[in-house]
Every structure is written in structure tokens, then in C-alpha cells.
Engineer: 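To start, I am sharing the structure in question, which I have written as C-alpha cells.
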Amino acid sequence: TAVFARSASLGLHGWHGIAWDASASLFYLSIDFPIGGTRQGRLYTYEPRSRQAQLVGLLPQTGFFALDCDANGQLWGVSPFGLYLIDKLSAQGSRFCAVPPSTFGFSIDRGTGQFFLTHRTGNGQGVLAEIVPRNGQILSSIALSGPTPLGFCFVDGVCPGRASTYGNGC
């Protein structure tokens with residue numbers, strides 16, 4: 001059983017994605033920020049020791065609901081518009097491939113370099129799929145029981161508690 005305690009309030013509302021960058025000891029957060037009648041995607045960093053959040057810049061799209069860093073410290077994000085490699089200094093992104101339209105979760109197994117996402121098929125079935133980042137090809141998939149997870153994360157090393165093992169991650 002996990003016990004969580006709030007360590008800080010960032011004053012940032014509406015964030016979607018969060019990624020830990022071990023190489024920089026920073027969290028990255030994606031937020032859809034309302035400006036007038038539209039929304040604007042923004043990337044922030046959060047430094048846990050100082051408890052400071054800093055705006056990096058505007059993301060290329062709204063809806064970056066999942067972020068993760070690969071083993072080289074590169075930041076990746078998934079939006080309804082595709083899989084992006086995101087520059088950590090400017091928040092600009094390069095689109096690598098399309099993703100299924102009902103994609104909700106995304107994570108990278110840093111041990112193997114494999115990219116995974118969760119999405120729903122046309123009949124509503126939740127699926128965990130491995131994808132090739134350069135072209136979006138689905139290499140393998142597993143049908144999920146229960147609700148499709150809106151987010152998930154591969155934990156490098158030992159899977160805690162009742163976490164399910166998949167490949168080298170949890």
C-alpha cells in the first residue's frame with residue numbers, strides 16, 4: 001500500500017503529462033493552458049529540491065497527455081497528433097509518427113529502448129502496444145482487461161507491490 005503526501009503546490013492547473021528526467025533531476029510537465037477561448041500547450045520543468053516550476057516554452061500542439069524520457073535523457077510526448085521528440089530547452093517538437101486516435105498512455109522502457117502506448121480499438125477494447133517510433137508500426141499488442149489505463153509508467157528495476165510485469169518494466 002502506497003502512502004502519498006503532497007510536497008508542494010505548483011499553482012499549475014490542467015496539466016496532462018509528467019516525466020522524470022534522471023539526467024537532469026527534473027520533472028517535465030505538459031499543460032493545456034486556456035488563453036481566451038483557446039488552449040495553448042505549454043511545457044514546464046519542476047525542480048523538487050527548490051520546489052520551483054519554470055516555463056520552458058510553448059509546445060507544438062495541445063493535448064500532450066503523456067511524456068517520458070528515454071535512456072539518453074531525450075524527452076518524448078504523445079498528443080492526438082502523434083509521437084513527438086521534444087526539445088527540453090525550447091519545448092519545440094519534431095513529429096515522428098502518427099499514433100492510434102484513441103491513445104491515452106505512453107511510456108518508454110529505458111532498459112530496452114522499447115516504446116509502448118495504451119489505446120482503445122474500434123470496439124472499445126483496451127490495448128497495450130509496442131510501437132516503432134520512426135514510423136508508428138505496432139510490433140506487438142496485448143489486450144487489457146478492465147478499463148484502459150489513462151497513463152502508465154515503466155519502472156526500471158523491481159516491480160513494487162501488485163504492479164504487473166511486462167518486459168523489463170512494470
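Numbers for residues simply follow the sequence, beginning at 1.
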Engineer: According to a hydrophobic-cluster definition based on side-chain heavy atoms being under 4.5 Å apart (Ile, Leu, Val, Met, Phe, Trp, Tyr only), do Val78 and Ile138 belong together?
Structural biologist: yes

Engineer: How would you list all residue pairs meeting salt bridge (Lys or Arg N to Asp or Glu O under 4.0 Å) that involve residues 75-86, not counting sequence neighbours?
Structural biologist: none

Engineer: Taking all atoms of both residues into account, what is the closest heavy-atom pair of Phe81 and Arg95, and its distance?
Structural biologist: O-NE, 2.6 Å

Engineer: With under 30° as parallel and over 60° as perpendicular, where do the rings of Phe106 and Phe115 fit, or are they tilted in between?
Structural biologist: tilted

Engineer: Are side-chain heavy atoms of Leu85 and Gln74 found at a separation under 4.5 Å?
Structural biologist: yes

Engineer: Between Ser30 (side chain) and Gly17 (backbone), is there a donor-acceptor pair under 3.5 Å?
Structural biologist: yes

Engineer: Search all heavy atoms of Gly73 against all heavy atoms of Ser23 and return the closest pair with its distance.
Structural biologist: CA-OG, 4.0 Å

Engineer: Between Gln114 and Thr112, is a side-chain hydrogen bond (donor to acceptor under 3.5 Å, both in side chains) present by the stated rule, with each step listed?
Structural biologist: CA-CA 5 Å; Gln114 295 168 288; Thr112 65; 2.6 Å; yes

Engineer: Is there a continuous path of hydrophobic side-chain contacts, each under 4.5 Å between heavy atoms, that joins Leu75 to Leu26?
Structural biologist: yes

Engineer: Using 0.5 Å steps for rounding, measure from the CG atom of Leu59 to the OG atom of Ser90.
Structural biologist: 9.5 Å

Engineer: Gly93 and Pro60: which non-hydrogen atoms are nearest, and at how many Å?
Structural biologist: N-CG, 3.7 Å

Engineer: Give the minimum heavy-atom separation between Arg110 and Trp20, together with the two atoms involved.
Structural biologist: NH2-O, 3.8 Å

Engineer: Rounded to the nearest 0.5 Å, what separation is found between the CD atom of Gln52 and the OH atom of Tyr44?
Structural biologist: 13.0 Å

Engineer: How far apart are the closest heavy atoms of Ser25 and Pro48, and which atoms are they?
Structural biologist: O-CD, 3.7 Å

Engineer: If you take all heavy atoms of Leu43 and Asp87, which pair is closest and at what distance?
Structural biologist: CD2-O, 4.4 Å

Engineer: Rounded at 0.5 Å granularity, tell me how far CG in Leu29 sits from CG in Leu67.
Structural biologist: 8.0 Å

Engineer: The test is side chain to side chain contact (heavy atoms under 4.5 Å, CB included); show your working for Ile131 and His119 and say whether it passes.
Structural biologist: CA-CA 12 Å; Ile131 65 164; His119 68 98; over 6 Å; no

Engineer: What's the spacing between Ser107 OG and Trp76 CH2 if we round to 0.5 Å?
Structural biologist: 13.5 Å

Engineer: Would you compute the distance between atom OG1 of Thr103 and atom CG of Leu117 and round it to the nearest 0.5 angstrom?
Structural biologist: 4.5 Å

Engineer: Do you reckon Ile18 sits in the same ILVMFWY cluster as Phe64, going by side-chain contacts under 4.5 Å, direct or chained?
Structural biologist: no

Engineer: Check this for me: Glu47, atom CD, are more than 12 non-hydrogen atoms of other residues, nucleotides or ligands nearer than 6.0 Å?
Structural biologist: yes

Engineer: Would you give the length of the straight line joining atom OH of Tyr46 to atom CZ of Arg51, rounded to the nearest 0.5 angstrom?
Structural biologist: 6.0 Å

Engineer: Go through the steps to decide whether Ile86 and Tyr28 satisfy the test side chain to side chain contact (heavy atoms under 4.5 Å, CB included), and finish with yes or no.
Structural biologist: CA-CA 11 Å; Ile86 301 169; Tyr28 286 88; over 6 Å; no

Engineer: Answer with yes or no whether the hydrophobic clustering places Leu55 together with Ile31; edges join I, L, V, M, F, W, Y residues whose side-chain heavy atoms lie under 4.5 Å apart.
Structural biologist: yes

